[in-house]
S.K.: 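I'd like to ask you about the structure that follows.
We name chains A, B, ... by the order of the sequence lines, and we start the count at 1 in each one. Everything numeric here is computed off the predicted structure, so don't read it as measured data.
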Amino acid sequence: MEMFNYYLKLSVRNLKRNRLFFILMISTLAVGVGVFLANIAIIKSMANDPIPHKSDRIFNVTLNIWPNENPSARLRETMRYDDAMHILKNEIATNTLVHYQSKVYTRDINSDNLSRYPAVVRATTPDFFPMMDAPFAFGGAWTEDHAKQVVIGDSLNQQVFNGGDSVGKTIEIDGKSFEVVGVLKPWVVKPMFYHVTGTQAFDISDDIFAPIETAMDSEWAINVQSSQTEQIDSVSDNRGKNGFFIQAFVQLDTPHQKLAMQQYLDNYSQHRKEQGDFLRANDNRLLDVNQWLEHHNVVDERMLAFAIATSLFLAVCIFNASSLLLARYHSARFETGLRRAIGARIKDIFYQGLVESMIIGLCCAALALVFGWLFLKISMTLFPKLQYTSDIDASLIIFGVIIALTTSFISMIYPLIRSCQTSLSTTLK
Amino acid sequence: MLNMNNISRIYRSDTIQTHALRDFSLDVKAGEFVAVTGPSGSGKSTFLNVAGLLDGFDQGSYELDGVNIQGLNDDELSRLRNEKIGFIFQNYNLIPDFNLFDNIDMPLRYRGFNAAERKRRIANALEQVGLASRANYLPSQLSGGQQQRVAIARALAGEPKILLADEPTGNLDSLMARQVMELLHTLNEAGSTIIMVTHDPEQARSVGRNVQVIDGQITDHSVYAPEKNNAPIEVNA
Ligand SMILES: Nc1ncnc2c1ncn2[C@@H]1O[C@H](COP(=O)(O)OP(=O)(O)OP(=O)(O)O)[C@@H](O)[C@H]1O
Ligand SMILES: [Mg+2]
């Protein structure tokens, strides 16, 4: 312990004496580690399990539906209104939801301010809230399928009503009035697994949650990559027709439920097949949350390529720091030689180097976290989609410190070995 | 105390081999003060480096204070250097931004002494070289002769068996050189074994035993200086 304190003292003196050099070197490492950390933060949130306690119990429903023979046998992510309604009818799942996404303009109907705010609508069913664990601040979900009622998210509540309990207030959506029956607490799902279709996995959570029937009645536009195999004149015209735009999720808590659900889906597609639908082989899938995210390649391959690039960049930084240190140790070899001559073992010199690398590592860690945070902010400004997704959390801070310490150790090791190898009789004259 | 038998040290480079020491044999008894002289490049420093375990050798055997050096690992060699040997270099080799206390402290740290013991020894060593009041000075605030005395204090603090000095007065003017020599004599009289390389014949004459190295070999074993009445003190090792 006494030796450790001595090494600590020597290292601090060394750092002070070569202040400029070490600032340069630590910054070099910190930039590398910082970029690396920011990158890891982004990837980590992309690979994040959005609902860890039940991700293996929530399943996306994929029906292999297509009314005509279709050569491209890709799985369809969306289904027709009728399919959705049939799934909704099941008495197997703990919770069942169907939804489509829309975008609308909205304002407080009693406000003097005439400006409208764009809002993302989740046109869905009441099970959405318990299944997603969406937390209510005030009120609750609607109960009538065609109710002219909505639940609003926290940020829209702030924007339109200046926050507070807005239950009972009236909100104007695309020119019509709706009653607010529930307000959510601030709530983010990342990635937004119930709507990963397209590139929207990292969108900000929804502003308005409305009954799907009401949304269709109100002709709220379908804001999903949809398809149709016949003429459909309006949103509400989708009922009974071949328009594909709805996604479905079920919560199945037991293997028994899952088996039953699979059977329910297969029976349904068999039934439709007999009526001339579903001409492809039966392939109805229940993918749980993580399988579903994987199916959609939510962790972008470009992101992984970027990760390789940042790792290489980190390697270059280590290399740089190492060569800087090599020069430093070369100029310090007189002192090393002297210490050896008066009785320091190679071990002692090495331990001293380790303590020094530890101090450098800690400085580097602190700086790297600042840099990492900065890079993350910059990335978010450049790519607003990343907003709300990535954060440097406690585990990442610990990871950062470990990386910084390792990095500084790695860059130290070769110069240190070299400095231990110097011949004593030539360094001291 | 120090016993070298047929030591040879060969420096090899790609093109040439230099026999810095060949068949070098020397026996130094405890309490002796030996002056090593010889022309430049004759191998004096090489001898001192081998003696001080700063350099290895190719052939022969070397025993220091009863310990055979052959085959010792770095830990053991370092320990011997730390405990048994005190070095005094021509250019002092003090660390410029350490004060005298911290400079003398260095070898004691590696010895594992506790703070109180180190403090006692440092004070003692500074006392011996007459710099007791300057523990907080930096080397640059001292004259060359004083700096060399600090280096001697550093060597003394570990209470070594033998002091090895390579031209300790080489960088000093004659007055300061004389002070350093007086210090070495005092230490020798108090029982220290000293081997000193010097170019100064007068200094050489002033000590108990002279050894001349020419071409890596000892040619002249013991030139005494009777007029100085400075016979070697024969003590059984
Ligand atoms: N590291 C080395 N590599 C190669 N040759 C060396 C090395 N050190 C010393 N020599 C050679 O060994 C011989 C003895 O050198 P040494 O330094 O021992 O001489 P010296 O007697 O101390 O000389 P001086 O009085 O000038 O200090 C010289 O020929 C020198 O060139
Ligand atoms: Mg020499």
S.K.: Does CZ belonging to B:Arg22 count more than 12 external heavy atoms closer than 6.0 Å?
M.R.: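 Yes.
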S.K.: Looking at every non-hydrogen atom in both residues, tell me the closest pair between A:Phe334 and B:Leu94 and how far apart they are.
M.R.: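 Looks like CZ-O, 3.9 Å.
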S.K.: Using heavy-atom distances under 4.5 Å, tell me whether B:Ala155 contacts chain A through its side chain, its backbone, both, or neither.
M.R.: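 For B:Ala155, neither part sits under 4.5 Å from chain A.
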S.K.: Is the count of non-hydrogen atoms from other residues, nucleotides or ligands lying under 6.0 Å from A:Phe319 atom CZ greater than 12?
M.R.: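 No, the 6.0 Å shell around CZ holds no more than 12 heavy atoms from other groups.
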S.K.: Counting only non-hydrogen atoms closer than 4.5 Å, does B:Phe113 touch chain A with its backbone (N, CA, C, O), its side chain (CB onward), both, or neither?
M.R.: backbone
S.K.: Count the heavy atoms belonging to other residues, nucleotides or ligands that lie under 6.0 Å from CD of B:Glu117, then report whether that count exceeds 12.
M.R.: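 Atom CD in B:Glu117 is crowded, with more than 12 foreign heavy atoms closer than 6.0 Å.
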S.K.: Kindly check if the number of other-residue, nucleotide or ligand heavy atoms within 6.0 Å of NE2 (B:His199) is above 12?
M.R.: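 Enclosed.
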S.K.: If I compare all heavy atoms of A:Glu2 with all of B:Arg118, which pair ends up nearest, and what's the gap?
M.R.: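 Minimum heavy-atom separation between A:Glu2 and B:Arg118: OE2-NH1, 2.8 Å.
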S.K.: Kindly check if the number of other-residue, nucleotide or ligand heavy atoms within 6.0 Å of CZ (A:Arg418) is above 12?
M.R.: no
S.K.: Report, by ascending residue number, the residues of residues 56-78 of chain B in heavy-atom contact with chain A at a distance under 4.5 Å; give 'none' if the set is empty.
M.R.: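 Expected list: B:Asp74, B:Asp75, B:Ser78.
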S.K.: Give the intermediate values and the outcome of side chain to side chain contact (heavy atoms under 4.5 Å, CB included) for residues A:Tyr7 and B:Arg109.
M.R.: CA-CA 10 Å; A:Tyr7 296 147; B:Arg109 288 282 187 166; over 6 Å; no
S.K.: Do NZ/NE/NH1/NH2 and the carboxylate oxygens of B:Asp102 and A:Lys9 come within less than 4.0 Å?
M.R.: yes
S.K.: Look at atom NZ of B:Lys161 and say whether more than 12 heavy atoms of other residues, nucleotides or ligands are closer to it than 6.0 Å.
M.R.: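 Incorrect, the count does not exceed 12.
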S.K.: Just wondering, are more than 12 heavy atoms of other shown residues or ligands nearer than 6.0 Å to CZ in A:Phe21?
M.R.: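 Yes, enclosed.
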S.K.: Testing the basics here: between B:Asn82 and A:Gly343, what is the closest heavy-atom pair and its distance to 0.1 Å?
M.R.: CB-CA, 3.6 Å
S.K.: Between A:Arg340 and chain B, with a heavy-atom cut-off of 4.5 Å, which part of the residue counts as in contact: side chain, backbone, both or neither?
M.R.: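 It is both, since atoms from each part get that close.
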S.K.: Indicate the atoms forming the closest heavy-atom contact of A:Leu338 with B:Phe89, along with that distance.
M.R.: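 The answer is CD1-CE1, 4.0 Å.
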S.K.: Evaluate B:Ile95 against A:Arg339 for side chain to side chain contact (heavy atoms under 4.5 Å, CB included), listing each step before the verdict.
M.R.: CA-CA 10 Å; B:Ile95 295 188; A:Arg339 288 184 181 280; 4.2 Å; yes
S.K.: Quick one: what part of B:Arg111 sits under 4.5 Å from any heavy atom of chain A, side chain, backbone, both or neither?
M.R.: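 The answer is neither part of B:Arg111.
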